[in-house]
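Everything on this sheet refers to the single structure shown next.
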Amino acid sequence: MQVAVVTFDGFNELDSFIASALINRRRKDGLEAFITTPTPVVASMNGVEVTGQRPMEFVTEADVVLIGSGVKAREVVADDRLLSQLRLDPSRQLIGAQCSGALVLARLGLLKGMPACTDMKSRPFVEASGITVLDEPFHAEGNVATAGGCLASQYLATWVITRSLGEDAAREVLDYVAPVGENEETVERALRAVRPAEVAVS
């Protein structure tokens with residue numbers, strides 16, 4: 001399974017890099033994430049330049065698409081040409097958004113009838129688009145998920161791994177990256193955040 005981690009100019013490093021790094025720990029099982037960009041090189045909100053691993057067209061063939069956030073999110077949702085490249089299909093793809101990435105999903109009509117999670121700065125803009133925002137770090141319904149707060153990107157990755165390879169695979173990844181001495185706490189917190197969503201679709 002291939003994962004497109006959509007990364008726009010002005011991106012938040014924590015969103016794109018945490019999600020892709022955790023998912024790529026299951027590369028041996030055929031689950032692989034790629035930084036996917038609209039231009040060959042994008043710069044983060046802190047000026048870190050990154051060369052995309054896949055072009056934006058990759059989102060149409062990816063099995064999973066995760067939309068990262070960034071300081072230019074409102075510019076992204078105002079760019080019809082850019083959004084036209086995001087031809088997403090929740091009937092066959094897992095689709096997730098991190099923080100202000102929820103604005104992109106809202107603009108694409110993928111959050112109709114469901115609440116979303118986002119960060120505090122993005123919240124008023126997401127609400128202005130008619131979406132109810134939850135005071136939670138993660139929420140999923142069916143094949144669409146949103147996460148709020150930079151470090152909630154670990155929950156998006158956990159959701160993707162669990163849905164693709166099962167809870168044991170996610171547990172192994174989380175246990176490895178957890179702070180020493182906090183392994184069980186870290187694993188259970190992430191699985192607890194994701195598990196209600198899994199029950200809902202089973």
Side-chain angles (χ1 to χ4, degrees), residues 2-25 27 32-59 62 64-79 81-83 85-86 88 95-108 116-129 131 133 135-139 145-161 173-174 176-180 182 186 189-190 193:
Q2 296 187 315
V3 182
V5 181
V6 178
T7 303
F8 300 108
D9 201 47
F11 73 96
N12 184 319
E13 300 97 329
L14 294 174
D15 298 350
S16 294
F17 296 155
I18 290 176
S20 61
L22 292 180
I23 290 167
N24 278 331
R25 288 190 176 277
R27 191 183 287 120
E32 189 167 10
F34 301 90
I35 300 296
T36 302
T37 57
T39 55
V41 177
V42 293
S44 77
M45 60 193 294
N46 294 307
V48 178
E49 292 190 345
V50 173
T51 300
Q53 296 173 290
R54 294 288 185 275
M56 195 63 78
E57 293 79 9
F58 175 62
V59 300
V64 181
V65 179
L66 300 181
I67 310 292
S69 73
V71 294
K72 297 183 180 181
R74 282 186 286 163
E75 294 177 31
V76 169
V77 297
D79 189 335
R81 183 195 61 79
L82 181 55
L83 288 181
Q85 299 177 56
L86 292 171
L88 308 182
I95 300 169
Q98 177 70 41
C99 293
S100 62
L103 285 170
V104 177
L105 296 194
R107 180 76 162 73
L108 294 174
C117 301
T118 192
D119 62 285
M120 290 186 294
K121 288 187 176 180
S122 300
R123 181 170 188 153
F125 302 107
V126 175
E127 290 178 329
S129 66
I131 306 300
V133 174
D135 290 318
E136 299 175 9
F138 179 85
H139 180 75
T146 54
C150 300
L151 294 181
S153 52
Q154 64 182 298
Y155 299 153
L156 269 182
T158 299
W159 178 69
V160 170
I161 297 169
V173 169
L174 293 164
Y176 185 88
V177 302
V180 173
E182 297 180 2
T186 300
R189 183 192 310 112

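FYI, the numbering just counts along the sequence from 1. Just so it is clear, the structure is predicted and the values come from calculations on it, not from any experiment.
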query: At what distance, to the nearest 0.5 angstrom, does CZ of R107 lie from CD1 of I67?
result: 13.5 Å
- prompt: Any side-chain heavy atom of T37 sitting closer than 4.5 Å to one from F11?
  reply: no
side-chain contact (heavy atoms from CB on, under 4.5 Å), paired with V6, selected from M56, Q98, R54: M56
Results of ring pair (Phe, Tyr, Trp, His ring centres under 6.0 Å) for Y155 - residues two or more places apart only: none
field: Any residue meeting side-chain hydrogen bond (donor to acceptor under 3.5 Å, both in side chains) with R25, in chain and number order, not counting sequence neighbours
entry: none
query: If you take all heavy atoms of V76 and L82, which pair is closest and at what distance?
result: CG1-CD2, 3.9 Å
query: Is there a side-chain contact between F17 and V5, using heavy atoms and a 4.5 Å cut-off?
result: no
query: So which heavy atom on P55 is nearest to which on T36, and how close?
result: O-CG2, 3.2 Å
- prompt: What residues form a ring pair (Phe, Tyr, Trp, His ring centres under 6.0 Å) with F125, not counting sequence neighbours?
  reply: none
task: Would you please name every residue forming a side-chain hydrogen bond (donor to acceptor under 3.5 Å, both in side chains) with R27, sequence neighbours left out?
output: E32
- prompt: Among all residues two or more places apart in sequence or in another chain, which pass the side-chain contact (heavy atoms from CB on, under 4.5 Å) test with R123?
  reply: T118, E127, V133, D135
message: Restricting to side-chain contact (heavy atoms from CB on, under 4.5 Å), what partner residues turn up for P124, sequence neighbours left out?
response: none
task: Please report the shortest heavy-atom distance between S100 and D119, naming the atom on each side.
output: N-OD1, 3.4 Å
Side-chain donor-acceptor pairs of residues 146-153 under 3.5 Å, sequence neighbours excluded:
from : atom 1 : to   : atom 2 : distance (Å)
T146 : OG1    : C117 : N      : 2.8
S153 : OG     : L14  : O      : 3.4
S153 : OG     : C150 : O      : 2.9

- line: Sequence neighbours excluded, the answer for side-chain contact (heavy atoms from CB on, under 4.5 Å) partners of A19 is L66
- prompt: Any idea which heavy atoms bring N24 and A33 closest together, and the distance?
  reply: OD1-N, 2.7 Å
- prompt: How many angstroms lie between CZ in R74 and CG in D79, if you round to the nearest 0.5 Å?
  reply: 15.0 Å
task: Any pair with a residue in residues 8-18 that passes side-chain hydrogen bond (donor to acceptor under 3.5 Å, both in side chains), sequence neighbours left out, goes on the list, sorted by first then second residue, please.
output: T7-S16, D9-K72, E13-S44, E13-N46, D15-S69
message: As an exercise, state the distance from CD of Q154 to CD1 of I161, rounded to the nearest 0.5 Å.
response: 11.0 Å
field: A145: partners by side-chain contact (heavy atoms from CB on, under 4.5 Å), with sequence neighbours left out
entry: F138, A140, L156, W159
query: So, do V59 and Q85 sit near enough that their side-chain heavy atoms are less than 4.5 Å apart?
result: no
- prompt: What pair of heavy atoms forms the shortest contact from S20 to I35, and how long is it?
  reply: OG-CD1, 3.9 Å
- prompt: Minimum heavy-atom separation for L108 to L83, with atom names?
  reply: CD2-O, 4.1 Å
message: For a 4.5 angstrom cut-off between non-hydrogen side-chain atoms, does F58 reach Q2?
response: yes
